[in-house]
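Accompanying notes for the structure given below.
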Amino acid sequence: MARYCRVSAQIFAVYLHQIGVRTGVFIICGRFTLTVAPEAISKTFRVPCSIPYFPRYNIAPGQAVPVIVGGESGRLLKVMRWGLIPHWAKDASIGSRLVNARTETVLSKPAFRDSFRFRRRCLVPADGFYEWKREGKRSTPYRIVLPDKEVFAFAGLWDRWDSSEESVFSFAIITTEASESMKEIHSRMPVILSVEEEYGEWLEAGDFNTLRKLLRPYEGRLHIYPVSRLVNSPKNDMPELILEEENGEP
DNA sequence: CCAGACGTTGTT
DNA sequence: GTCTGG
DNA sequence: CCAGACGTTGTT
DNA sequence: GTCTGG
């Protein structure tokens, strides 16, 4: 088994560049966390995973993110940009608006339906995500994790965009209405998949009923807790962002 | 026919 | 106010 | 999601 | 690329 070491942000950026994620046109960036080791991703999603160990506490749209896609020869981990650029787009900037896709309309929207139909579906590994609760003018960030903080996946869609200069792979995260526990914070939530059967179905199923069944609010137990406002800025990416605050409102 | 959009979120 | 970038 | 920009010219 | 609006 290969061993991984923690690498600097600079080295990680170089690595992303090497595997085809260009920093020029976009990049390097909802919000969610992915702090687990590559071994955990590999084990949970049954996919070869050779990315360096680089915990991320504040992943924002526009950034390069590892996702899992299905393929003829099995699952594959691929780094993509968050913010789907449809293959027909004239320029990449549309991606900054296609960060989420609604479950309710995913089959009818031109930007998403082909990805849904033609198996350009992906799993987006995460071990938590942020939502902001609005209270008047104030908004407070919360982090949502599974009970044991284990890694899970958002249901995603991806596409490939080709310009004369480059090919960009990008994805969007599917949303649905909030579950009972999430409604305290927010009216919507990402689609969460957390067991192997769901992973397989989302990547490989051809039947729309099977797929739509997966796109429901997550009713399992969630741990929801307020975090530091430092998370507001995508520039901040450090372990302190996911600490439990002592007295409720941070 | 061509032109223009193609998306979600939340708030007023 | 609204869009783009992260 | 939030933060930050919101512009053009010409020159290095 | 494909649909909607004019």
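Scanning DNA chain D 5' to 3' for nucleotides with an atom closer than 4.0 angstrom to a non-hydrogen atom of chain A gives a first and last hit of D:dC1 to D:dG4.
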Protein and nucleotides 2-4 of chain C: nitrogen or oxygen contacts under 3.5 angstrom:
residue	atom	partner	partner atom	Å
C:dT4	OP2	A:R97	NH1	3.1

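In this structure, the side-chain hydrogen bond (donor to acceptor under 3.5 Å, both in side chains) partners of A:W132, at least two apart in sequence or on a different chain, are A:N232. Annotation: side-chain hydrogen bond (donor to acceptor under 3.5 Å, both in side chains) contacts of A:E198 (sequence neighbours excluded): A:R216. When the side-chain hydrogen bond (donor to acceptor under 3.5 Å, both in side chains) test is applied to A:T33, the partners found at least two apart in sequence or on another chain are A:D127, A:R143. Contacts of A:E197 classified as side-chain hydrogen bond (donor to acceptor under 3.5 Å, both in side chains), with partners at least two apart in sequence or in another chain: none. When the ring-ring contact (aromatic ring centres under 6.0 Å, His included) test is applied to A:F32, the partners found at least two apart in sequence or on another chain are A:W82, A:F154.
Judged purely by atom type and a 3.5 angstrom limit, A:D159 has no side-chain atom pairing as donor or acceptor with the backbone of A:R120. Judged by distance alone, the side chain of A:S170 and the main-chain N or O of A:I85 form a donor-acceptor pair under 3.5 Å.
Here the separation of B:dC6 from D:dA5, taken at their P atoms, is 27 Å to the nearest Å. When the C1' atom is used for both E:dT4 and B:dG7, the distance is 16 Å, rounded to whole Å. Separating the C1' atom of B:dT8 from that of C:dT2 is a span of 15 Å, rounded to the nearest Å. Nucleotides B:dG10 and D:dC2, compared at atom C1', are 13 Å apart to the nearest Å. Rounded to whole Å, the separation between the C1' atoms of D:dA3 and B:dT9 comes to 16 Å.
Contact detail for A:N100 and A:F112: the closest heavy-atom pair is O-CZ, 3.5 Å.
Residue pairs meeting the salt bridge (charged side-chain N to carboxylate O under 4.0 Å, His left out) criterion with at least one partner in residues 93-108 of chain A, sequence neighbours excluded, are A:R102-A:E104, A:E104-A:R188. Sequence neighbours left out, the pairs with a member in residues 84-93 of chain A that pass side chain to side chain donor-acceptor pair (under 3.5 Å) are A:D91-A:S93.
Rounded to an integer number of Å, the gap from A:L98 CG to C:dG5 P is 14 Å. Summarising the geometry, the separation between CG on A:N58 and C1' on C:dG5 is reported as 14 Å, rounded to the nearest angstrom.
Using a 4.5 Å cut-off on side-chain heavy atoms (C-beta onward), A:L211 and A:R121 make contact. Contact check for A:M189 versus A:T176: side-chain heavy atoms found under the 4.5 Å cut-off.
A:F112 comes within contact range of the sugar-phosphate backbone alone, with a heavy-atom separation under 4.0 Å but no base atom that close.
Annotated stems with DNA chain E as a participant read B:1-6 with E:1-6, given as range with range, by first number; only runs of 3 or more Watson-Crick or G-U pairs under 3.5 Å qualify.
Listed in residue order, the members of residues 118-131 of chain A having a heavy atom less than 4.0 Å from DNA chain B come to none.
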For residues 69-76 of chain A, tabulate all N or O donor-acceptor pairs below 3.5 Å that involve a side-chain atom, not counting sequence neighbours.
residue	atom	partner	partner atom	Å
A:R75	NH1	A:F45	O	2.8
A:R75	NH1	A:E196	OE1	3.3
A:R75	NH2	A:E196	OE2	2.8

